[in-house]
Amino acid sequence: MLAIAVGALAGATVSAIAAAAHLLHYLLFSVPFAAGLSGSQIGASELLVIVPVAGGLLTGVLVLVRRRRGGIIDPIEANALYGGRMSLTDSLWLTIQNLASNGFGLSAGLEAAYTQLSAGLASTLGIRLKLRREDMRVLVGCGSAGAIAAAFGGPLTGAFYAFEVIIGTYTSASLAPVIAAAIAGALVSCALSGQQFALEVTAVDAISTQDFIPAIAVGMICALLGIVVMKAVVQTERLVSASRIPQVLRPAVGGLLVGCIALANPQVLSAGHGAMHLNLEQDVPLVALLTLFLLKAASSALTIGSGFRGGLFFASLLLGGLIGKALAVPVEWLLPGTLAPTTLALIGMSAFGVAVIGCPLAMTFLALELTGQFSIAALVLAASITASVVARQTFGYSFSTWRFHLRGQTIRSAHDVGWIQNLTVGRLMRHDLRKATAGLSPDEFRKAFPLGSTQSVVVVDAENRYQAMISVAEVHADALEIAPQSDLSSFYRQKSEILLPNMNARQAAGLFEKARADALAVVSDRIERRVLGLLSEAHTLRRYSEELERQRQTLLEGAD
């Protein structure tokens, strides 16, 4: 019941955000309400430049106002690191910024706002109800499933988007709530917004083995082009950051450039729903398809790279559709009578989406639910799997996880690795360590630390700065030597091998192995090196194993 409520809330959220974007398009560009901006008949007006620049100025102000509050945690990061905990205030901020881009005609979709706000509402509800960690993660997935299902009118698409992208795993325990949320989201959105997005493609009666050849080829090409587009976005961000343009003005410059591109072809504006219908359902020359692909890719890179909020979800669908339909020309020349251009466009749409977003099953169900043609599902699945394999083997990331990588995060999916981050050295260390002041003689040390009193002693200076570790047994064994050591510093070990409080258990275990030490000191930082505690390898490995077993047991319970 909670999942159904979250899904219904997501459906209402998507309808409200979409209505706000349509209202902005109507007020700013004078297009009919709810008509696709990219498919509307807009002449080469100065509005095509003025409005995106205004959106850039608004975005710059919004970024400046919020700059000191840190980054916004999205559903993938929340489920991977924070047990599904998200900030509703931050989600509202991202939604407003996304409307400032899409609503003002910039080449960005609204799916980021849909999933962010819906998942944020679900997370807030879960926090209020004090749900356990695994239930929180599933509920965040329910919010995202309801949002995507509402956006495309596809419950299966929304559900498997949640499984593949937001939750990271599929279990029988999460199946019922996620499916229920997706269905509720689609139904509520349909009731509030009316007709959902759909595509008309040429019917395919039967599929032959020969048809899989162009489908797989389209999948490979779309994967490679998807990687190029993702890298283009990052390169644009780096060029903008390296420029001397003030940060508050960077989105306005990006809006100016996108507006100039829109003067050449207004179909680059907004997400691209109208352009999708125009180019996939009508006869369009090959040159026009390729030109729009280049312009749309450049507009999307400029939009996100200059600082606008938004994603590449629908842009990747449009780009893939354009490439798929353009490839129909060489396919017809090489394999006459195989697949219709609209069918190849649908295959390209799904494959490009997989390369960028990273969810082959969700994209397969999207193609099925948008067209209602089950016969082409096998071709779409073959292309999607091909695109997934090529993209992961040659690039290794989807667009969202690639951005995490650039920020220094090691997240490659929404799998729950937050417990490792929470299992820090600061939480594991002992505070009752034994210390010795540097300068003691071996005899003084033996009197202060009798054999058997402790295993290791931390040597510090007069200001509690770390110097080294000493083995008590080693110092006492030296007393039996014929020529005992006269200087305690000769027993110093692990002079540079230290632990920091924010290291996780995995990093600590690696350092123990590298240093070949049974225990290491924990210091404040590498500069001051003030001793905070002591951590043993045995305790670290035991706690790490306990957490691994707990996570395994949780997965087994979910599977049951």
Side-chain angles (χ1 to χ4, degrees), residues 17 20-31 36-40 42-67 72 93-113 229 232-275 292-316 318-319 399 403:
I17 295 174
H22 289 315
L23 180 61
L24 287 172
H25 294 164
Y26 168 73
L27 295 175
L28 298 174
F29 293 96
S30 300
V31 299
L37 177 61
S38 59
S40 301
I42 305 176
S45 169
E46 64 275 5
L47 289 176
L48 297 180
V49 177
I50 294 174
V51 174
V53 171
L57 293 173
L58 176 59
T59 297
V61 172
L62 291 172
V63 171
L64 186 64
V65 169
R66 202 200 173 282
R67 182 171 56 185
I72 295 176
W93 265 103
L94 186 142
T95 301
I96 294 171
Q97 292 179 48
N98 201 170
L99 282 171
S101 59
N102 181 278
F104 282 73
L106 278 303
S107 189
L110 288 169
E111 289 76 19
V229 170
V233 173
V234 174
Q235 290 300 324
T236 303
E237 286 183 335
R238 289 174 176 171
L239 289 174
V240 171
S241 298
S243 68
R244 298 182 179 180
I245 303 172
Q247 186 175 8
V248 70
L249 296 179
R250 291 172 185 174
V253 174
L256 175 64
L257 296 175
V258 172
C260 292
I261 295 175
L263 288 174
N265 193 335
Q267 292 184 39
V268 302
L269 294 174
S270 192
H273 291 74
L292 180 58
F293 174 86
L294 295 174
L295 295 179
K296 181 65 178 180
S299 299
S300 297
L302 287 170
T303 296
I304 300 175
S306 61
F308 286 97
R309 281 288 186 174
L312 291 177
F313 195 114
F314 201 88
S316 66
L318 176 58
L319 292 172
F399 182 64
R403 295 175 73 82

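As a basis for the values below, the full set of heavy atoms in this structure was taken, side chains included, without hydrogen atoms, waters or symmetry mates.
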Test item: side-chain donor near acceptor, Ser300 and Ser107, under 3.5 Å
yes

Smallest heavy-atom separation, Ala252 atom then Leu57 atom, equals CB-CD2, 3.7 Å

Could you tell me which non-hydrogen atom of Gly310 sits nearest to which non-hydrogen atom of Ala108, and how far apart they are?
CA-CB, 4.0 Å

Measuring from Ser30:OG to His25:NE2, what's the distance to the nearest 0.5 Å?
12.5 Å

Minimum heavy-atom distance Ala113-Ile17, with the two atoms named:
O-CD1, 3.9 Å

When you compare the side chain of Val53 with that of Val253, does any pair of heavy atoms fall below 4.5 Å?
no

Rounded to the nearest 0.5 Å, how far apart are CD1 of Ile96 and CG of Asn98?
11.0 Å

When rounded to the nearest 0.5 Å, the distance separating CD1 of Ile304 from OG1 of Thr236 is 9.5 Å

Leu48 side, atom CG; Asn265 side, atom CG - distance, nearest 0.5 Å
10.5 Å

Would you give the length of the straight line joining atom CG of Leu106 to atom CG of Leu269, rounded to the nearest 0.5 angstrom?
8.5 Å

Is Arg309 reaching over with its side chain to a backbone N or O of Ser101, donor-acceptor style, under 3.5 angstrom?
no

Provide the closest heavy-atom pair for Gly305 versus Glu237 in the form atom of the first, atom of the second, distance.
CA-CG, 3.3 Å

Side chain to side chain, Leu99 and Leu110, heavy atoms closer than 4.5 Å
yes

Does the Ser241 side chain pair with the main chain of Arg238, one donor and one acceptor, at a distance under 3.5 Å?
no

Determine whether Ile42 and Leu37 make a side-chain contact, defined as any pair of heavy atoms from C-beta on separated by less than 4.5 Å.
yes

The side chain to side chain contact (heavy atoms under 4.5 Å, CB included) partner of Phe104 among Ile50, Thr59, Val51 is Val51

Side chains of Val248 and Val63 in contact at under 4.5 Å (non-hydrogen atoms)
no

Give a yes or no on whether the backbone of Val258 and the side-chain of Ser299 come within a donor-acceptor separation of less than 3.5 Å.
no

Tightest non-hydrogen contact, residues Ala271 and Gly109, listed as CB-CA, 3.8 Å

Go through the steps for Leu302 and Ile261 under the test side-chain contact (heavy atoms from CB on, under 4.5 Å), then give the verdict.
CA-CA 10 Å; Leu302 287 170; Ile261 295 175; 3.9 Å; yes

Tell me whether Asn102 contacts the main-chain N or O of Ser270 through its side chain, where contact means a donor paired with an acceptor under 3.5 Å.
no

In this structure, NE2 of His273 is separated from CZ of Phe314 (nearest 0.5 Å) by 4.0 Å

What closest approach, in Å, do Ala297 and Leu319 show between heavy atoms, and which atom pair accounts for it?
N-CD2, 3.8 Å

